[in-house]
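Structure, as structure tokens:
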Number of protein chains: 2
Amino acid sequence: MADPARLLSDGRWMGAALALAGRGRGRTAPNPNVGCVIVRDGIVIGRGWTQPGGRPHAEAMALTEAGEKSRGATAYVTLEPCAHESPRGPACSNLLVAAGVARVVIALGDPDPRTDGAGAARLRAAGIEVTEGVRAGEARRSMAGFLTRLEKRRPQVTLKLATSLDGRIALPSGESQWITGPEARAHTHLERSRHEAILVGRRTMEIDQPRLDVRLPGLEDRAPRQLVLSSTGDLRRPEDIAGLEGIDHLFVEGGAETASAFLRADLVDRLLLYRAPILIGEGRAAIGDIGLTRLGDAHGRWRLMESRMLGSDRMEVYERA
Amino acid sequence: MADPARLLSDGRWMGAALALAGRGRGRTAPNPNVGCVIVRDGIVIGRGWTQPGGRPHAEAMALTEAGEKSRGATAYVTLEPCAHESPRGPACSNLLVAAGVARVVIALGDPDPRTDGAGAARLRAAGIEVTEGVRAGEARRSMAGFLTRLEKRRPQVTLKLATSLDGRIALPSGESQWITGPEARAHTHLERSRHEAILVGRRTMEIDQPRLDVRLPGLEDRAPRQLVLSSTGDLRRPEDIAGLEGIDHLFVEGGAETASAFLRADLVDRLLLYRAPILIGEGRAAIGDIGLTRLGDAHGRWRLMESRMLGSDRMEVYERA
């Protein structure tokens with residue numbers, strides 16, 4: 001039976017690795033955004049996360065920081081260390097063996113066929129103790145872009161909606177600034193920085209001329225690529241996201257027609273909702289026809305994953321159930 | 001300076017009185033729904049709340065239960081004890097004096113001109129220690145129907161809306177059963193039981209033929225009076241609520257036209273929102289034209305007072321800011 005104290009500390013260290021993994025989100029495609037901490041005697045001696053463009057890997061960065069102290073240490077990594085050499089860098093499982101770590105704790109197995117168990121096997125063959133499955137669900141959420149790409153051959157799609165209590169995004173006149181407050185808007189900018197690309201409809205681009213940048217101190221350079229959905233734009237229809245290269249996270253920001261098109265095509269994985277404590281009444285709806293014909297079909301599709309207040313607005317994240 | 005331990009226990013006992021006060025809500029008009037506990041040596045010896053129709057008063061009921069033990073005890077009451085005799089019963093301030101209580105703790109002064117300070121003064125004149133203002137804000141919310149009647153000469157109006165995440169109340173076909181789950185619907189029935197009357201629009205009454213009753217075990221007899229808003233109904237326009245007798249709490253349940261009419265007339269004091277984790281898209285909006293012309297005017301009107309999950313739906317209460 002597993003030692004409860006060790007289970008607890010494994011979970012906590014993996015939490016640190018997951019936090020680091022989030023730093024790469026939106027900048028590592030086609031590689032997964034992985035996080036790694038190396039711990040010896042209860043002290044973190046190395047931290048790493050997948051760097052922009054996908055290299056170096058998290059383990060390589062953490063091992064470099066830890067240096068000689070890695071010998072006998074435990075490495076916590078959110079994804080199984082890779083087993084394949086590449087012209088862009090060595091296999092992380094080999095690096096861990098060479099560094100002499102005593103134990104590797106892994107959140108999630110790597111479904112990439114070049115690794116898929118081979119990384120963990122190589123570690124074990126070298127006499128390293130391997131524990132798998134620690135906080136696997138969170139790791140799955142953390143690397144959802146990479147996993148969606150592997151499983152569905154397309155990016156993970158987040159649809160953002162900012163509405164009044166009654167689901168409106170603008171007055172009949174089109175006035176929409178502002179429905180939500182500054183805290184919610186800052187959160188949207190942070191979310192943008194975690195996606196490789198933002199997509200809007202042609203009308204939104206022409207009429208609203210949104211800046212779609214990241215106006216947060218220190219993250220100004222994280223503005224994602226901008227894409228337009230239209231007959232002459234980057235994408236002609238939602239299904240065209242399958243052809244997007246280097247984009248594992250797509251942020252769909254508006255307007256209602258674009259949102260509806262993605263929902264109708266069942267291509268939304270994650271709903272990011274902001275809801276202001278106001279009533280608008282007559283006005284523009286957040287979404288139009290999404291192809292629903294029976295109320296029963298609407299249920300059971302979305303699961304609430306996060307909910308909190310941002311100033312006086314509520315932010316919620318729903319994911320595909 | 002007040003004794004902190006006494007402040008703390010005063011607050012806790014007043015909490016018990018406030019909970020009892022809630023029992024009468026929707027059944028005591030034109031009297032306020034008051035709660036009372038009588039405490040001696042840290043033990044509750046009497047509990048009372050305004051009875052249906054308004055009599056007996058909370059203090060009379062609690063004193064009857066406590067009997068001789070009231071002598072030297074402390075009474076916690078959510079509203080200043082009345083100072084006026086009536087053919088329907090004695091003045092509560094006189095009853096407390098006669099019972100020999102040593103101390104009376106009051107949440108809120110009674111704005112009724114027949115009492116308005118005279119109740120507390122009578123207690124003090126009899127040598128009883130009086131503390132006022134304990135949890136006054138909550139007492140004000142608890143007796144909002146009575147206070148709205150006194151201050152605005154009309155009932156307190158609660159508008160209930162049950163919507164999808166995108167603010168819809170039905171499909172284009174009119175299908176609306178069900179958007180929310182059984183827990184939220186049960187909560188609506190509980191809310192109904194706390195109002196003297198429910199109002200719906202003519203169309204809702206004719207097309208949906210809602211039962212508008214209280215289908216909760218033990219509360220089946222608490223179904224409120226039913227009113228219809230229409231050119232030939234109980235009310236022709238929202239402003240007619242001023243003429244409603246014996247109704248201090250009005251529950252407006254639908255549909256969108258009725259809701260909009262009350263919002264346009266600025267006659268909604270409390271929004272009760274249920275929000276199911278579904279998207280509907282094209283469909284019927286919860287509210288229509290409410291007379292808003294500038295987005296800035298929509299802000300600052302509603303304050304979030306309660307928020308919790310009922311099954312997979314979120315329930316929120318907003319009140320006039």
Side-chain angles (χ1 to χ4, degrees), chain A residues 159 161 163-181 256 259-260 263-264 268 271 273 275-305 307-309 312-314 316 318-319 321, chain B residues 159 161 163-181 256 259-260 263-264 268 271 273 275-305 307-309 312-314 316 318-319 321:
Chain A
L159 171 62
L161 300 172
T163 72
S164 61
L165 295 176
D166 53 326
R168 301 299 191 181
I169 57 170
L171 264 59
S173 65
E175 185 186 354
S176 65
Q177 289 183 357
W178 294 108
I179 289 176
T180 52
S260 307
L263 288 164
R264 213 160 42 229
V268 176
L271 286 175
L273 306 183
R275 190 158 158 269
I278 64 171
L279 293 175
I280 289 182
E282 202 169 52
R284 302 203 180 161
I287 53 175
D289 180 16
I290 59 170
L292 187 73
T293 53
R294 293 181 336 119
L295 202 43
D297 297 338
H299 287 277
R301 298 172 78 103
W302 300 105
R303 181 168 22 201
L304 182 64
M305 303 303 290
S307 179
R308 62 187 164 108
M309 299 302 292
S312 56
D313 306 319
R314 178 169 290 279
E316 290 176 334
Y318 290 84
E319 290 180 4
Chain B
L159 171 63
L161 300 172
T163 72
S164 61
L165 294 177
D166 53 325
R168 301 299 190 181
I169 57 169
L171 264 60
S173 66
E175 185 186 353
S176 65
Q177 289 184 355
W178 294 107
I179 289 175
T180 52
S260 308
L263 288 165
R264 213 160 44 229
V268 177
L271 286 174
L273 306 184
R275 190 158 159 270
I278 64 171
L279 292 175
I280 288 182
E282 203 168 52
R284 301 202 181 163
I287 52 175
D289 178 18
I290 59 170
L292 187 72
T293 52
R294 296 184 330 122
L295 202 42
D297 296 338
H299 287 277
R301 298 171 79 101
W302 300 105
R303 182 170 19 202
L304 181 64
M305 302 304 290
S307 178
R308 62 189 166 108
M309 298 302 292
S312 56
D313 305 319
R314 179 170 291 279
E316 291 176 334
Y318 291 84
E319 290 180 3

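Chain letters run A, B, ... following the sequence lines, proteins first, then strands; residues in each count from 1.
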- Query: Non-hydrogen atoms of chain A under 4.5 Å away: do they reach the side chain of B:S176, the backbone, both or neither?
  - Reply: backbone
- Please report the closest heavy-atom contact between A:S164 and A:I278, naming both atoms and the distance. CB-O, 3.3 Å
- Task: Answer whether the closest heavy-atom distance between the side chains of B:I290 and A:D166 falls below 4.5 Å.
- Result: no
- Atom of B:A170, atom of B:G174 and distance for their closest heavy-atom approach: CB-O, 3.7 Å
- Check each atom of B:L279 against the heavy atoms of chain A and say whether the ones under 4.5 Å are side chain, backbone, both or neither. both
- Task: Kindly indicate whether the side chain of B:M309, heavy atoms from C-beta on, has any atom under 4.5 Å from the side chain of A:S307.
- Result: no
- Task: Could you have a look at B:L165, B:L161, B:L273, B:T163 and say which one has the most heavy-atom pairs with chain A under 4.5 angstrom?
- Result: B:L165
- Message: Please classify the contact between A:L171 and chain B as side chain, backbone, both or neither, with a heavy-atom cut-off of under 4.5 Å.
- Response: side chain
- Under 3.5 Å donor-acceptor, A:D289 side chain and B:E282 backbone: no
- Query: Between B:L304, B:I280, B:L263, which has the largest tally of heavy atom pairs under 4.5 Å with chain A?
  - Reply: B:I280
- Message: Does any backbone or side-chain atom of A:R275 lie under 4.5 Å from a heavy atom of chain B? Answer side chain, backbone, both or neither.
- Response: side chain
- Message: Which atoms of A:R303 are under 4.5 Å from chain B, going by heavy atoms: the side chain, the backbone, both sets, or neither?
- Response: neither
- Note on the structure: Max heavy-atom pairs within cutoff under 4.5 Å with chain B, candidates A:A285, A:A286, A:P277, goes to A:P277
- Item | Atom pair CG/CD1 of B:L271 and B:I287 - distance to nearest 0.5 Å | 8.0 Å
- Message: With a 4.5 angstrom heavy-atom cut-off, is it the side chain or the backbone of A:E316 that approaches chain B, or both, or neither?
- Response: side chain
- Side-chain touch B:V268/B:W302, heavy atoms, less than 4.5 angstrom: yes
- Applying a strict 4.5 Å limit to non-hydrogen atoms, the region of A:S312 in contact with chain B is neither
- Item | Per-residue contact mode, B:S173 against chain A (heavy atom under 4.5 angstrom) | neither
- Item | Contact origin within A:L295 toward chain B - heavy atom pairs under 4.5 Å | both
- So, the part of B:R264 with a heavy atom under 4.5 Å from chain A: the answer is neither
- Closest non-hydrogen atom pair between B:L292 and B:R294, with its separation: CD1-O, 3.4 Å
- So, A:H299 side chain and B:G181 main chain: donor-acceptor pair closer than 3.5 Å or not? no
